[in-house]
Amino acid sequence: MSETELHEEAIAPESQLDEDDRLKPEFVSAVLEAVDQGDDEAAHALVAPLHPADIADLIELVPSEQRADVVTAISDLIDGDVLAEMNDWVREALVDALEPHQVADIAAELDTDDAVAIIEDMDVEDQREVLRALDPDDRAAIEEALSYPEESAGRLMQRELIAVPEHWTVGHVLDYLRGNDALTTDFWEIFVVDPSHKPIGTCELSWILRTPRGITMSDVMKREQTLIPVDMDQEEVALRFQKYALISAAVVDLSGRLVGMITVDDIVHIISQEAGEDILRLSGAGEGDINEPVLLTVKTRLTWLFVNLGTAILAASVVGLFQGEIAKFALLAVLMPIVSGMGGNAGTQTLAVVVRAIATNQLTESNTIRMILRELRIAAANGASLGLAIGAGTMLIYGIPWLALVIGMAMVINNLIAGLSGVLIPVTLDRLRVDPAVSSAVFVTMMTDVMGFFSFLGLATLVGLGS
């Protein structure tokens, strides 16, 4: 088969994809129509040419009440590669509908990391049944992976790798690779280990192919390598891959022995997943997955909405302290939301930058003070600019100098509060081992609302605008 034919077989036919590589609505409708008419053969013929990732997308796009019928029609196309590409919620529902021996057959086809992703969300009893149905080697590998913490390198790694002793020659390695059909086929580098199976170097395949057969691995290998502890959080693993431009990396246990490897294709997924989680956590929207059960979504969002309700009541209580002044001078009620709203926007900008800096290790204890001073300078400049603008506008519209001065000064004060809280709140939460992406936004909004109302109404009372 030619390289072109291999490429065409590896992707979905262009006629079934739009310009963004999404399945066309008319194609999805054609599959559903065939299934509804009981023509499983036609549905199978439509889906068969698709790449596993596109088959997974198709099942996700189908309404939940019709998924079972679609899966039944194309059941022989639903293999481990399709499940590995599938959305977690959709995959969990599909796996629940399969018999344990069917899940075991699928898991046996996959690398350890993909098999673990399928099995880890199952009930404990179902997990045991699936593991009992696996052969001893696969069962031992998956049980070991499941023993590691969730979202750790141990869960993410695959045990299928190539490791050779340093005294082997390049020729010995080539003969070993070509003569052993049981070896994994997906690898980019070979790990060199000492007699205790601790990694002492790596060797890219390109080096081996270009090196004479008589050269030993100890002479061709690269001794500098990035080792991943088995209990390292997957987000930290992703940062190491990004920082050191890794294609794959060895995973070691607590004694330093080689137990697996992580490849860049898994890291791409982790980076996307973690970035999405941080964005959604900032809004308190939970996982934000459109396939997530409605009741679970309601519970997650409602929790943070109640917290927001509490902070809104606190802000309202500050306004209540000045209700006499507002009653005497109604313009205060008209203008005060501008101060709090602009402060909230400024705080959100700072918060987004700081949370990202924490997540990517750009912000650490060594440069926190510098970051605070930087954001305060930015907040002062923005506050002064906005203060002049709103002050001039207020003077132009209402012609009251003291009102223009008060709202301008309040805008500066609240922007400074926004900049300061946008840094200090997430940094403090991070120091307390609390995810700053989850709860920072609530507290920053509270600070800008409370201080926005207090600074504006307090200054107005101080200069006697309501007198």
Heavy atoms from other residues, nucleotides or ligands near CD of Glu26 exceed 12 (cutoff 6.0 Å): yes

Value rounded to 0.5 Å, distance of CG in Asn345 from OG1 in Thr445: 9.5 Å

Close side-chain approach of Thr348 and Val444, heavy atoms under 4.5 Å: no

Residue pair Val423 / Leu376, side-chain heavy-atom distance below 4.5 Å: no

Check against salt bridge (Lys or Arg N to Asp or Glu O under 4.0 Å), Arg91 and Glu85: CA-CA 9 Å; Arg91 179 177 61 211; Glu85 297 287 348; over 6 Å; no

Minimum heavy-atom distance between Pro229 and Ala153, given as atom pair plus value: O-CB, 3.4 Å

Spacing of Asn382 atom CG and Met411 atom CE [to the nearest 0.5 Å]: 11.5 Å

Check: Asp81/His51 side-chain N/O donor and acceptor closer than 3.5 Å: no

Side-chain heavy-atom pair Gln362, Arg356 within 4.5 angstrom cut-off: yes

From CG (Leu373) to CG (Asn367), nearest 0.5 Å: 11.5 Å

Short side-chain to backbone donor-acceptor contact, Arg139 and Leu134, under 3.5 Å: yes

Donor-acceptor under 3.5 Å (Gln127 side chain, Glu120 main chain): yes

Pro426 versus Gly422, closest heavy-atom pair with distance: CG-O, 3.1 Å

Option among Leu50, Leu61, Leu46 that satisfies the side-chain contact (heavy atoms from CB on, under 4.5 Å) test with Val31: Leu46

Where Thr364 and Thr368 come nearest, the two heavy atoms and their spacing: O-OG1, 2.7 Å

Heavy-atom neighbours of Leu209 CG exceed 12 at 6.0 Å: yes

Asp126 backbone acceptor or donor facing Asp123 side chain under 3.5 Å: no

N/O donor-acceptor pair under 3.5 Å between Asn414 side chain and Val339 backbone: yes

Close side-chain approach of Val237 to Ile267, heavy-atom, < 4.5 Å: yes

Value rounded to 0.5 Å, distance of CD1 in Ile106 from CD1 in Ile119: 10.0 Å

Residue Gln66 excluded, over 12 heavy atoms near CD under 6.0 Å: yes

Worked check of side-chain contact (heavy atoms from CB on, under 4.5 Å) between Leu205 and Trp188: CA-CA 6 Å; Leu205 286 177; Trp188 293 268; 5.5 Å; no

Verdict with reasoning, Val35 to Thr72, per side-chain contact (heavy atoms from CB on, under 4.5 Å): CA-CA 9 Å; Val35 172; Thr72 300; over 6 Å; no

side-chain contact (heavy atoms from CB on, under 4.5 Å) between Met261 and Met157, worked out: CA-CA 5 Å; Met261 74 170 179; Met157 73 179 183; over 6 Å; no

Donor-acceptor under 3.5 Å (Arg155 side chain, Ala145 main chain): yes

Taking every non-hydrogen atom, the tightest pair across Ala43 and Ala34: N-CB, 3.8 Å

Arg240 side chain to Thr226 backbone, donor-acceptor under 3.5 Å: no

Spacing of Asp266 atom CG and Leu156 atom CG [to the nearest 0.5 Å]: 5.0 Å

Nearest-0.5 Å distance that lies between atom CZ in Arg431 and atom CD1 in Ile358: 7.0 Å

Leu386 vs Met342 side-chain heavy atoms within contact, under 4.5 Å: yes

Heavy-atom pair with the smallest gap, counting every atom of Gly344 and Thr448: CA-OG1, 3.5 Å

Test item: Arg213 side-chain N/O and Thr169 main-chain N/O as donor-acceptor pair under 3.5 Å: no

Salt-bridge contact Lys222-Glu189 (side-chain N to carboxylate O under 4.0 Å): no

Under 3.5 Å: donor-acceptor pair, side chain of Asp430, backbone of Pro436: no

Side chains of Ser218 and Arg223, donor plus acceptor under 3.5 Å: no

Within-4.5 Å side-chain heavy-atom neighbours: Val230 and Tyr148: yes

Sub-4.5 Å side-chain heavy-atom contact between Thr202 and Val192: no

Neighbour count above 12 (heavy atom, 6.0 Å) for Glu365 CD: no

Exceeds 12 heavy-atom contacts within 6.0 angstrom, atom CD of Glu65: yes

Minimum side-chain heavy-atom gap Ile378-Gln349 below 4.5 Å: no

Residues forming a side-chain hydrogen bond (donor to acceptor under 3.5 Å, both in side chains) with Asp231, sequence neighbours excluded: none

Considering all heavy atoms, the nearest Gln158-Thr263 contact: OE1-OG1, 4.1 Å

Residue pair Thr216, Glu166: steps toward the side-chain contact (heavy atoms from CB on, under 4.5 Å) verdict: CA-CA 7 Å; Thr216 61; Glu166 61 179 323; over 6 Å; no

